[in-house]
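Written out below as structure tokens is the structure these notes cover.
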Amino acid sequence: VMLLSQTLCLCFALALSYASFNLHLTLTLTGPLDHGHDHHEDQAHHSANPDRCDGIEFDAIAPDEKGNSFFFKGDHLWKGFTGPAQVSSAFFMELDDHHHLGHVDAAFRMHNKEKPEDHDHIFLFLDDKVFSYYNHSLEEGYPKDIQLDFPGVPSHLDAAVECPKGDCNSDSVLFFKGEEVYNYDIATQSVKVRQWAHLPNCTSAFRWLEQYYCFHGHNFTRFHPVSGEVNGAYPKDARHYFMSCPKFGHGGDAKVPKCSEVTLDAITSDKSGKTYAFTGRIYMRLDTHRDGKHAFPIARTWKEVTDGVDAVFSYSDKIYIIKGDQVYIYKSAAPSTLIEGYPKSLTEELGIEGPVNAAFVCEDHHIVHIIQGQTMYDIDLSATPRTVAREAPLPISGIEAGMCGPDGIKVFVGSEYYHYETPRILAFSRIRPEPKTITPDMMGCVE
Ligand SMILES: *[C@@H]1O[C@H](CO)[C@@H](O)[C@H](O)[C@H]1NC(C)=O
Ligand SMILES: *[C@@H]1O[C@H](CO)[C@@H](O)[C@H](O)[C@H]1NC(C)=O
Ligand SMILES: *[C@@H]1O[C@H](CO)[C@@H](O)[C@H](O)[C@H]1NC(C)=O
């Protein structure tokens, strides 16, 4: 499981989704928050601001199209993992016309590539009505009766969560009501009703970074979306993981680094498009814009790598992690498992001496390009024994990380990077391209 931990506080991108860091910016600009008051004009009919660190039961949880996660409770919500409650109607305006309903029963984000007009919409369920929002505007024709959009799905739901094809057999939605789970197939509109007796009744459900969570009380339980199976020690207290609470784990001092202060030890993208940036003992997934960008301890995913990395590259279905004079080879598919016999020495595995600064393989090629100081070594991974086939001096020094993707090569020097179309151009061009700066979009940092 990839979840947040204490160690993150020290690090470059503390488990922050874009949502929370936007919020963080707002906080910085408006000064300390007064928990007793809303800034919303018509707050008169709203109940007092709840505090999620008190240990509350959420009504619904869902991300929007930008990867902001919303946690609903009564007529309030929280945007992201940090920050205070706000009135729901500040984000989903028309809910206020229905405020007599009091709360959202369930919410999910639609995953439906076949039907672009619904894809990424956030659907909110109140009693027997469904609301569809995109870009925080209510779509025309909504609210409508739930059964008009979701035949066979009951009113007065407890929870809902998207289940895209790949996780489920087809693009689906899981609806929860009491002990019943309704598996709704989006394309065929067919419903299968199940009971997962071992799972508590979920009052909200959330898909986050490819995992499924059932929330009950202030706890949550991770489950498999097809079998309902629960593996591991659950329930867990949500305050340790899904929010920033002073007495629970990672504390409230979330500090988002400036982009000009971000430096990388390594960066790589695997075959399935998962992209990882490494710095210190932390890594960040860069391809998860649908769920926001988040940082995790490296050792949480690659257990044996406890002291950071020097270079990382992906080759076929494996990820190679280099630290000092050691190479760790892991299967890319989750959960990451270390190949038997590893770590091995760099000399034995690649025929070179450590330490190295950066390493990358270009798509479908068998050559790993290893950068050491101002030299690049090419090693053929399809040959045995592995030996340096070519060696070239580089036009720039201080490279700490590099990756090769469909749009060419990026090599990182401090908080800047250089773009080259091919390894050959990197090795042989004498013209130094203009450096580019790491942007918030790339790394979840701030300008
Ligand atoms: C989203 O809404 C904002 C303001 O309501 C508007 O300015 C913007 O153009 C909208 N974006 C899209 C993609 O519809
Ligand atoms: C789960 O929901 C059912 C139906 O509403 C109810 O009878 C049952 O008591 C609930 N279980 C728990 C543990 O709350
Ligand atoms: C939450 O989980 C703990 C065990 O981890 C359990 O003792 C407690 O009763 C649970 N509380 C709720 C409200 O589910």
Side-chain angles (χ1 to χ4, degrees), residues 1 3-5 18-19 22 26 40 50-61 63-68 70-71 73-74 79 86-97 103 105-106 109-110 115-125 127-128 131-142 153-161 174-183 193-206 213-223 228 230-243 245 247-249 289-290 441:
V1 204
L3 288 171
L4 321 178
S5 103
Y18 274 106
N22 286 341
T26 319
H40 207 247
D51 181 349
R52 56 180 156 179
C53 293
D54 288 346
I56 60 167
E57 178 170 276
F58 294 109
D59 295 331
I61 309 174
D64 70 3
E65 73 281 356
K66 295 200 185 72
N68 301 309
F70 289 94
F71 296 78
K73 176 67 181 179
K79 184 182 175 200
Q86 309 182 55
V87 260
S88 308
S89 53
F91 294 90
F92 301 98
M93 212 175 7
E94 294 78 3
L95 290 181
D96 223 26
D97 305 338
H103 72 280
D105 292 328
R109 181 180 61 189
M110 175 67 83
K115 217 171 149 200
E117 67 271 27
D118 278 351
H119 182 63
D120 267 359
H121 284 215
I122 177 167
F123 285 79
L124 306 180
F125 296 82
D127 290 348
D128 56 354
F131 295 66
S132 166
Y133 282 88
Y134 188 74
N135 191 25
H136 296 269
S137 305
L138 185 66
E139 291 294 299
E140 217 171 300
Y142 290 88
V153 172
S155 300
H156 304 283
L157 289 162
D158 289 338
V161 64
L174 303 179
F175 292 100
F176 296 81
K177 180 168 179 167
E179 286 161 340
E180 250 89 58
V181 184
Y182 297 77
N183 187 327
V193 188
R194 299 197 176 113
Q195 288 204 348
W196 286 336
H198 58 283
L199 204 63
N201 292 353
C202 312
T203 60
S204 54
F206 188 32
Y213 301 95
C214 160
F215 284 70
H216 44 99
H218 55 75
N219 291 336
F220 68 91
T221 296
R222 185 167 62 110
F223 65 96
V230 175
N231 280 309
Y234 292 97
K236 291 187 169 147
D237 193 316
R239 288 172 288 185
H240 284 293
Y241 299 90
F242 288 97
M243 57 206 78
C245 294
K247 287 185 202 131
F248 292 84
H289 55 278
R290 272 177 67 80
D441 225 25

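Counting convention: from 1, in listed order, for ligands and their atoms alike. Heavy atoms only: backbone and side chains are in, while hydrogens, waters and symmetry mates are out.
The ligand atoms of ligand 3 that sit less than 4.0 angstrom from a heavy atom of P235 are 2 (O), 5 (O).
Ring centroid separation for the pair H121 and Y133 does not come in under the 6.0 Å cut-off. Within the 6.0 Å centre-distance limit, the rings of F70 and F91 are counted as a close aromatic pair.
With a 4.5 Å cut-off on side-chain heavy atoms, H156 and D127 count as touching.
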- Are N201 and F176 close enough, and set up right, to give a side-chain contact (heavy atoms from CB on, under 4.5 Å), and what steps lead you there? CA-CA 8 Å; N201 292 353; F176 296 81; over 6 Å; no
- Message: One pair to check against salt bridge (Lys or Arg N to Asp or Glu O under 4.0 Å): D64 and K66. What are the steps and the verdict?
- Response: CA-CA 5 Å; D64 70 3; K66 295 200 185 72; 5.5 Å; no
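Ring geometry for F215 versus F71: interplanar angle over 60°, hence perpendicular rather than tilted (30 to 60°).
Between H218 and ligand 3, no N or O atom pair is found at a separation short of 3.5 Å. For a threshold of 3.5 Å applied to N or O pairs, the pair formed by N135 and ligand 1 contains at least one separation below that value.
Of the candidates F242, F206, F223, F242 is the only one forming a ring pair (Phe, Tyr, Trp, His ring centres under 6.0 Å) with Y213.
Around ligand 2 you find G178, E179, N201, each with a heavy-atom distance below 4.0 Å.
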